[in-house]
**Student:** 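Before anything else, here's the structure in question.
By convention in this document, chain letters (A, B, ...) are assigned in the order of the sequence lines, proteins followed by strands, and residues within each chain are numbered from 1.
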Protein chains: 2
Amino acid sequence: MKLDTIDKKLLELLQNDAKQTTKVLSLQLNLSKTAVYERIRKLEKEGVIKGYTALLDKKKIDKAFVVFCHVRLTQHTKEHVVGFESDVIRLEEVLECYHVSGDYDYILKVNVADMQAYRNFMTSKLTSLKHIGSTHSIFMIEEVKNTTVVEL
Amino acid sequence: MKLDTIDKKLLELLQNDAKQTTKVLSLQLNLSKTAVYERIRKLEKEGVIKGYTALLDKKKIDKAFVVFCHVRLTQHTKEHVVGFESDVIRLEEVLECYHVSGDYDYILKVNVADMQAYRNFMTSKLTSLKHIGSTHSIFMIEEVKNTTVVEL
DNA sequence: TTCATAACCGAACATTTTTCTTTTTACTGA
DNA sequence: TCAGTAAAAAGAAAAATGTTCGGTTATGAA
């Protein structure tokens with residue numbers, strides 16, 4: 001699917017505030033409500049827009065502790081890789097998991113309440129997964145920037 | 001602000017789909033539309049809900065390339081730190097930036113189209129910032145998990 | 001140019017959000 | 001235990017929004 005200038009501006013507006021009414025959007029885009037409505041529906045249907053979510057303040061829900069956990073597997077057979085990935089997806093503390101280049105195989109972004117909870121996560125959940133070799137944790141001291149908004 | 005069981009379930013529902021109507025939400029929570037409506041307004045007012053966003057498919061908007069860039073500063077005076085942070089916030093390619101423990105000072109999550117665009121970002125934007133010492137890039141091979149939904 | 005398709009528009013209709021008033025529930029101190 | 005008070009919840013009405021429709025205007029290919 002090809003996105004024109006209006007689509008891109010529309011996606012930018014929706015990323016910044018998905019609750020804007022089509023009326024407000026239409027004024028910013030110099031289009032009618034209907035045109036905006038149909039463009040949004042199309043972007044949803046094509047899968048460009050995957051969904052809509054409420055963003056929460058991590059400090060206010062007691063999940064302010066973020067750790068980047070680097071993971072190395074003991075082996076790299078397909079079985080080991082698939083096994084680890086399907087296990088790690090189910091861990092609710094792991095918000096993100098990437099297979100990466102470099103010394104380690106995976107980077108996990110782990111989100112918990114505090115160091116105590118992280119220790120608990122590591123000992124009772126992560127390191128008890130099969131095929132885990134070594135891990136290396138980098139702790140967040142402060143969040144300088146955190147946005148979901150991608151520029152188009 | 002204290003969150004009760006209903007608030008937590010409501011936040012979970014809104015994280016998974018912020019476009020659900022209060023009617024649908026009220027059925028899942030065994031509450032009236034108005035009660036749900038007022039709880040949401042309160043959560044917004046208190047800042048627990050920071051906002052609403054549309055989530056996009058990175059592959060479909062040509063931003064599938066993700067890099068974790070570790071950054072070391074030349075010095076760590078307040079001036080250097082503040083200067084770097086205010087500069088990096090303005091870089092649209094940097095979706096996330098954390099001040100972290102360990103060998104490096106910062107971890108940046110950089111999102112661009114491809115390796116070419118990343119090279120361009122590094123040479124013409126990041127490394128031209130003041131106070132940048134050394135950097136170390138870890139490239140994403142595959143996204144195994146990526147969610148904004150925090151469990152409560 | 002001509003045809004076919006896609007995008008757009010304004011108006012009508014259907015739903016939802018928001019406000020308002022009343023009722024219920026939960027809590028506190030005598 | 002029992003008022004008294006405040007917070008939370010409910011239902012109905014009003015305001016605003018989302019959605020559908022028929023018709024019109026651009027767009028692009030033959």
**Student:** Rounding to a whole Å, what distance do you find between B/L10:CG and D/dA9:P?
**Tutor:**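 B/L10 atom CG is separated from D/dA9 atom P by 11 Å.
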
**Student:** Starting at CG of B/L25 and ending at P of D/dA9, how long is that distance when rounded to a whole Å?
**Tutor:**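 Atom CG in B/L25 sits about 14 Å away from atom P in D/dA9.
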
**Student:** Could you note down all residue pairs passing side-chain hydrogen bond (donor to acceptor under 3.5 Å, both in side chains) where residues 102-131 of chain A supplies at least one of them, sequence neighbours left out?
**Tutor:**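 Qualifying pairs, neighbours excluded: A/H76-A/D105, A/H80-A/H131, A/E85-A/Y106, A/E93-A/K125, A/E96-A/K109, A/K109-B/E96, A/K109-B/Y98, A/Y118-A/S137.
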
**Student:** Roughly how far, to the nearest 0.5 Å, is CZ of B/F139 from CD1 of A/I107?
**Tutor:**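 Going from CD1 on A/I107 over to CZ on B/F139, the span is 11.5 Å.
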
**Student:** Please collect all salt bridge (Lys or Arg N to Asp or Glu O under 4.0 Å) contacts where either partner lies in residues 10-24 of chain A, sequence neighbours excluded, each pair once.
**Tutor:**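 Output for this query is empty, none listed.
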
**Student:** To the nearest 10°, let me know how far the axis at one end of the helix from C/dT1-D/dA30 to C/dA30-D/dT1 is tilted from the axis at the other, five pairs an end.
**Tutor:**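 What I find for the helix from C/dT1-D/dA30 to C/dA30-D/dT1 is an axis angle of 50°.
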
**Student:** State, yes or no, whether a side-chain contact exists between B/L91 and B/L129 at a heavy-atom distance under 4.5 Å.
**Tutor:**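 Side chain of B/L91 against side chain of B/L129, heavy atoms only: contact under 4.5 Å found.
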
**Student:** Between B/K42 and B/M1, is any pair of side-chain heavy atoms under 4.5 Å apart?
**Tutor:**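 They are in side-chain contact.
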
**Student:** If you measure from the Lys or Arg side-chain nitrogens to the Asp or Glu carboxylate oxygens, is any gap between B/K63 and B/D57 under 4.0 Å?
**Tutor:**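 No, this pair does not count.
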
**Student:** Below 4.0 Å from chain B heavy atoms, what is the first contacting nucleotide of DNA chain C and what is the last?
**Tutor:**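 Both ends considered, the range comes out as C/dT16 to C/dC20.
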
**Student:** Measure across B/Q15 and B/L152 and return the closest heavy-atom pair with its distance rounded to 0.1 Å.
**Tutor:**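 Scanning both residues completely, I find the closest heavy atoms to be NE2-CD1, 4.2 Å.
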
**Student:** Can you sort out the partners of A/T135 under side chain to side chain contact (heavy atoms under 4.5 Å, CB included), two or more places apart, ordered by chain and number?
**Tutor:**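 If we apply the side chain to side chain contact (heavy atoms under 4.5 Å, CB included) test to A/T135, skipping adjacent residues, the hits are A/C69, A/V71, A/M122, A/L126, A/I132.
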
**Student:** Any heavy-atom pair between the side chains of B/F84 and B/V82 that's under 4.5 Å?
**Tutor:**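 No, side chains not in contact.
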
**Student:** Show, in sequence, the C-alpha distance, side-chain angles and deciding distance for A/K9 and A/D4, and conclude whether the salt bridge (charged side-chain N to carboxylate O under 4.0 Å, His left out) test is met.
**Tutor:** CA-CA 9 Å; A/K9 188 162 183 187; A/D4 65 15; over 6 Å; no

**Student:** Can you check each nucleotide of nucleotides 16-30 of chain D against protein heavy atoms at under 4.0 Å and return B for base, S for sugar-phosphate only, - for none, in 5' to 3' order?
**Tutor:** -SBBBB---------

